[in-house]
Trainee: 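Starting off with a structure, shown below.
None of these values were measured; they are calculated from a predicted model. Chain identifiers are assigned alphabetically (A, B, ...) following the order of the sequence lines, protein sequences preceding nucleic acid strands; residue numbering begins at 1 within each chain.
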There are 2 protein chains.
Amino acid sequence: MSTTHDVLFRTLADPTRREIFEQLCREGEQTVGALTAHAGISQPAVSKHLGVLKTAGLVRDRQEGRQTHYSAQLGALSPLIDWTRQMAGFWENRFNRLEDLLKRMDQ
Amino acid sequence: MSTTHDVLFRTLADPTRREIFEQLCREGEQTVGALTAHAGISQPAVSKHLGVLKTAGLVRDRQEGRQTHYSAQLGALSPLIDWTRQMAGFWENRFNRLEDLLKRMDQ
DNA sequence: TCGATATATAACCAGCTGGCTATGGATGAG
DNA sequence: CTCATCCATAGCCAGCTGGTTATATATCGA
């Protein structure tokens, strides 16, 4: 079983793939050709990365003639943001429990 | 060259490793033995994961007799939070530029 | 001192992954 | 119609990675 967090983290873990995603965030919708020009790797490699990004929900594709335009789906990042918040939350809860303990010890 | 983002994403991409980190966030400082009991893998495997987490700055270790206590370093997550904010920022900037363009076209 | 316990390290291995080239299929240009 | 272009897919391979067992090291208890 592969969770949403798994897919997101694994997808963004590769520098090349993250670079492509950042490019789409910065410049908006781009064709595969344009992305390949920046990436410094072969077109098939770029297509494979785009496939992974699409599976993760991080990009959307739009066909137009023989070109495919890809764009970033920023909303797909929210599980990641939620996760960091949750980690911070755990930390605070432990801190509060410690505070309570100290209060009880104080009485 | 390996950036901070690279290290963070790659470190958190592994489910087992992320689980260990979450455990430390939830329960606070833990010995290697305690972590191994939860992880469902061998002690050396856990030690290796802890090594990776430590290299990424995500955990701290404290020696006490023959035990090693590990704890989460929440602050190490900030580059990750910054990155997501930056991506959102790129998106907004493009939106603003589009707005400006439409304004100019309107005149 | 001697055995048990806690952790780290070494050595090894199977499987995944990210790159490549080759090729197919669809669309545009002439 | 024919050829070029754009992209996706297939097949291949080297290298990384996450697991294992075996072992070293250090501390604790008796």
Trainee: Quick one: pull up SG in A:Cys25 and CG in A:Leu77 and give me the separation to the nearest 0.5 Å.
Mentor: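 Taking SG in A:Cys25 and CG in A:Leu77, the distance rounds to 7.0 Å.
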Trainee: Looking at every heavy atom in both A:Asp6 and A:Thr3, which two are closest together, and how far apart are they?
Mentor: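 Result for this residue pair: N-OG1, 3.1 Å.
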Trainee: How would you list all residue pairs meeting side chain to side chain donor-acceptor pair (under 3.5 Å) that involve residues 74-85 of chain B, not counting sequence neighbours?
Mentor: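 Matches after skipping sequence neighbours: A:Glu22-B:Trp83.
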Trainee: If you only use heavy atoms from C-beta on, which nucleotide in C:dA6, D:dA22, D:dC7 is closest to the side chain of B:Pro44?
Mentor: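 Within the option list, the nearest is D:dA22.
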Trainee: For A:Ala88 and B:Leu74, work out which heavy atoms get closest and say how close.
Mentor: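 In this case the closest contact between A:Ala88 and B:Leu74 is CA-CD2, 3.3 Å.
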Trainee: How would you list, by chain and number, every residue that makes a side chain to side chain contact (heavy atoms under 4.5 Å, CB included) with A:Ala45, sequence neighbours excluded?
Mentor: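 Only A:Ile41, A:Ser42 meet the side chain to side chain contact (heavy atoms under 4.5 Å, CB included) criterion with A:Ala45.
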Trainee: Grab the N/O contacts between the protein and nucleotides 26-30 of chain D below 3.5 Å, and write none if there aren't any.
Mentor:
residue : atom : partner : partner atom : Å
D:dT27  : O2   : B:Arg66 : NH1          : 3.3

Trainee: Rounded to the Å, how far apart are A:His69 NE2 and D:dC6 C1'?
Mentor: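 Taking atom C1' of D:dC6 as the reference, NE2 of A:His69 is at 11 Å.
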Trainee: Starting at atom CG of A:Leu35, determine the distance to atom P of D:dC6, rounded to an integer number of angstrom.
Mentor: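 Rounded to whole Å, this separation is 14 Å.
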Trainee: Answer yes or no: is there an ion pair linking A:Arg10 with B:Asp14, defined by an N-O contact shorter than 4.0 Å?
Mentor: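 Looking at A:Arg10 and B:Asp14, the cut-off is not met.
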Trainee: Are A:Ser42 and C:dC20 close enough that a side-chain N or O sits under 4.0 Å from OP1 or OP2?
Mentor: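 Yes, A:Ser42 has a side-chain N/O under 4.0 Å of OP1/OP2 on C:dC20.
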Trainee: Just the rounded figure in Å: distance from P of C:dC16 to CG of B:Asp14.
Mentor: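 Atom CG in B:Asp14 sits about 14 Å away from atom P in C:dC16.
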Trainee: Quick check: closest heavy atoms across A:Arg18 and A:Leu12, and the distance to 0.1 Å?
Mentor: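 Of all heavy-atom pairs spanning A:Arg18 and A:Leu12, the closest is NH1-O, 2.7 Å.
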Trainee: List the residues meeting side chain to side chain contact (heavy atoms under 4.5 Å, CB included) with B:Thr11, not counting sequence neighbours, and say none if there are none.
Mentor: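 Counting only residues at least two positions away or on another chain, B:Thr11 forms a side chain to side chain contact (heavy atoms under 4.5 Å, CB included) with B:Val7, B:Arg17, B:Val52, B:Leu53, B:Ala56, B:Leu58.
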Trainee: Looking at D:dT20, D:dA8, C:dT9, which one has an atom nearest to any side-chain atom of B:Lys48?
Mentor: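 For B:Lys48, the side-chain atoms sit closest to D:dT20.
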Trainee: Measure the spacing between CD of B:Gln30 and CG of B:Leu35 and express it to the nearest 0.5 Å.
Mentor: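 Interatomic distance, B:Gln30 CD to B:Leu35 CG, rounded to 0.5 Å: 5.0 Å.
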Trainee: I need the CZ-P distance between A:Arg10 and C:dC16, as an integer number of Å.
Mentor: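 The answer, rounded to whole Å, is 11 Å.
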Trainee: With a non-hydrogen cut-off below 4.0 angstrom, is B:Ala45 in contact with a base, only sugar-phosphate, or nothing?
Mentor: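 Counting heavy atoms under 4.0 Å across all strands, the contact made by B:Ala45 includes a base.
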Trainee: Heavy atoms only, 4.0 Å cut-off, all strands: where does A:Thr68 land among base, sugar-phosphate and nothing?
Mentor: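 It contacts sugar-phosphate atoms only.
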Trainee: Consider the side chain of B:Gln67, meaning its heavy atoms from C-beta on, and name the nucleotide among C:dT21, D:dT9, C:dT7 that approaches it most closely.
Mentor: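 That would be C:dT7.
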Trainee: Could you tell me whether the side chain of B:Arg62 and the main chain of B:His69 form a donor-acceptor pair under 3.5 Å?
Mentor: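 Here the side-chain-to-backbone pair does not exist.
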Trainee: Side chains of A:Gln43 and A:Thr36: any donor to acceptor distance under 3.5 Å?
Mentor: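 Looking only at side-chain atoms, A:Gln43 and A:Thr36 do not form any donor-acceptor pair under 3.5 Å.
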Trainee: What's the CD1-C1' distance between B:Ile41 and C:dT7, to the nearest Å?
Mentor: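 To the nearest whole Å, that distance equals 14 Å.
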Trainee: D:dC6 P sits how many Å from A:Tyr70 OH, rounded?
Mentor: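 Rounding to the nearest Å, OH of A:Tyr70 and P of D:dC6 are 15 Å apart.
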Trainee: Taking N and O atoms by type only, does the side chain of A:Gln43 place a donor or acceptor under 3.5 Å from a partner on the base of D:dA8?
Mentor: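 Side chain to base: pair present.
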Trainee: According to a strict under-4.0 Å criterion, is B:Ser47 in side-chain N/O contact with OP1 or OP2 of C:dT9?
Mentor: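 Checking B:Ser47 against C:dT9: no side-chain N or O falls below 4.0 Å of OP1 or OP2.
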Trainee: Whole angstrom is fine here: how far is it from CD in A:Gln63 over to P in C:dA26?
Mentor: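 The distance from CD of A:Gln63 to P of C:dA26 comes to 12 Å, rounded to the nearest Å.
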Trainee: Would you give the length of the straight line joining atom CG of B:Leu80 to atom CE of A:Met87, rounded to the nearest 0.5 angstrom?
Mentor: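 Going from CG on B:Leu80 over to CE on A:Met87, the span is 11.5 Å.
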Trainee: For the pair made of CZ in A:Arg17 and C1' in C:dC16, what is the distance, rounded to whole Å?
Mentor: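 Going from CZ in A:Arg17 over to C1' in C:dC16 covers 12 Å.
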Trainee: So how far off straight is the helix from C:dT1-D:dA30 to C:dG30-D:dC1, going by the axes through five pairs at either end, to 10°?
Mentor: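 Overall, the helix from C:dT1-D:dA30 to C:dG30-D:dC1 bends by 20° from one end axis to the other.
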Trainee: Contacts to DNA chain D from residues 26-34 of chain A, heavy-atom cutoff under 4.0 Å, which residues?
Mentor: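 Contacting residues: A:Thr31, A:Val32, A:Gly33.
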